[in-house]
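Keep in mind that this is a model prediction, so the values were computed, not measured. When reading the values below, keep in mind they use all heavy atoms of this one structure, side chains included, and skip hydrogens, waters and symmetry mates. Numbering of residues begins at 1 and proceeds along the displayed sequence.
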Amino acid sequence: MWDFVQVVVVETRVLEIRFGSWEFRQKKYLEESCQPKCVKPLIEYQACVKRVEADNNGEKHCTGQYFDYISCVDKCVAPMLFGALK
């Protein structure tokens with residue numbers, strides 16, 4: 001069996017999981033598989049980015065839309081990732 005389990009989390013996102021000397025990076029694969037479930041927040045974020053690019057005074061931002069999209073992806077990834085760790 002493995003001698004330890006280490007989960008690396010940065011900014012509430014799992015970057016990699018290590019089981020003893022065995023390491024795999026599942027984050028990117030799981031996030032890509034969840035993107036189709038988060039199309040609406042992604043479209044809203046992309047629309048906001050276009051509006052901000054057209055803004056000349058630099059006061060607008062898309063932080064809220066970005067966090068909505070990332071939260072959707074994280075909520076989709078979490079059960080698959082942490083279910084495998086049980």
Side-chain angles (χ1 to χ4, degrees):
M1 204 69 176
W2 300 298
D3 50 343
F4 69 91
V5 175
Q6 178 183 7
V7 178
V8 178
V9 179
V10 176
E11 295 180 13
T12 70
R13 306 188 77 195
V14 175
L15 297 180
E16 63 189 45
I17 301 172
R18 295 185 183 126
F19 294 98
S21 60
W22 183 65
E23 178 180 323
F24 67 98
R25 298 176 190 272
Q26 201 173 27
K27 172 187 171 280
K28 185 174 183 177
Y29 168 76
L30 291 174
E31 285 184 344
E32 288 174 0
S33 70
C34 285
Q35 286 178 348
K37 297 177 183 176
C38 300
V39 172
K40 183 179 176 187
L42 177 61
I43 290 171
E44 290 172 359
Y45 172 67
Q46 290 171 338
C48 180
V49 169
K50 286 182 183 179
R51 286 192 307 272
V52 169
E53 288 173 351
D55 179 35
N56 292 330
N57 63 11
E59 293 181 11
K60 296 182 180 179
H61 58 83
C62 298
T63 305
Q65 291 83 355
Y66 174 77
F67 282 122
D68 289 344
Y69 171 66
I70 294 301
S71 294
C72 177
V73 172
D74 285 346
K75 286 178 185 176
C76 175
V77 168
M80 292 184 283
L81 182 65
F82 293 110
L85 293 175
K86 289 183 180 180

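Note: K40 NZ to D68 CG = 10.0 Å, rounded to the nearest 0.5 Å. If you take CD on E44 and SG on C62, they are separated by 11.0 Å, rounding to the nearest 0.5 Å. Atom CD1 of I43 is separated from atom OH of Y69 by 11.0 Å, given to the nearest 0.5 angstrom.
In the displayed structure, N56 atom CG is contacted under 6.0 Å by at most 12 heavy atoms of other residues, nucleotides or ligands.
Taking 4.5 Å as the limit, every side-chain heavy atom of K60 sits out of range of all side-chain heavy atoms of E53. Looking at heavy atoms from C-beta onward, M80 lies in side-chain contact with S33 at the 4.5 angstrom threshold.
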- Verdict with supporting geometry, C34 and C72, disulfide (SG to SG under 2.5 Å): CA-CA 8 Å; C34 285; C72 177; over 6 Å; no
- Decide side chain to side chain contact (heavy atoms under 4.5 Å, CB included) for K37 and K75; before the verdict, give the C-alpha distance in whole Å, the side-chain angles of both, and the deciding distance to 0.1 Å. CA-CA 10 Å; K37 297 177 183 176; K75 286 178 185 176; over 6 Å; no
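Linking ILVMFWY residues whenever their side-chain heavy atoms come closer than 4.5 Å, directly or via other members, leaves V39 and V49 in distinct clusters. Cluster membership for L42 and Y29, using ILVMFWY side-chain heavy atoms within less than 4.5 angstrom, is shared.
Scanning both residues, Y45 and Q65, for their nearest heavy atoms gives CA-CB, 3.8 Å. Pairing each heavy atom of C38 with each of V73, the nearest pair is SG-N, 3.5 Å.
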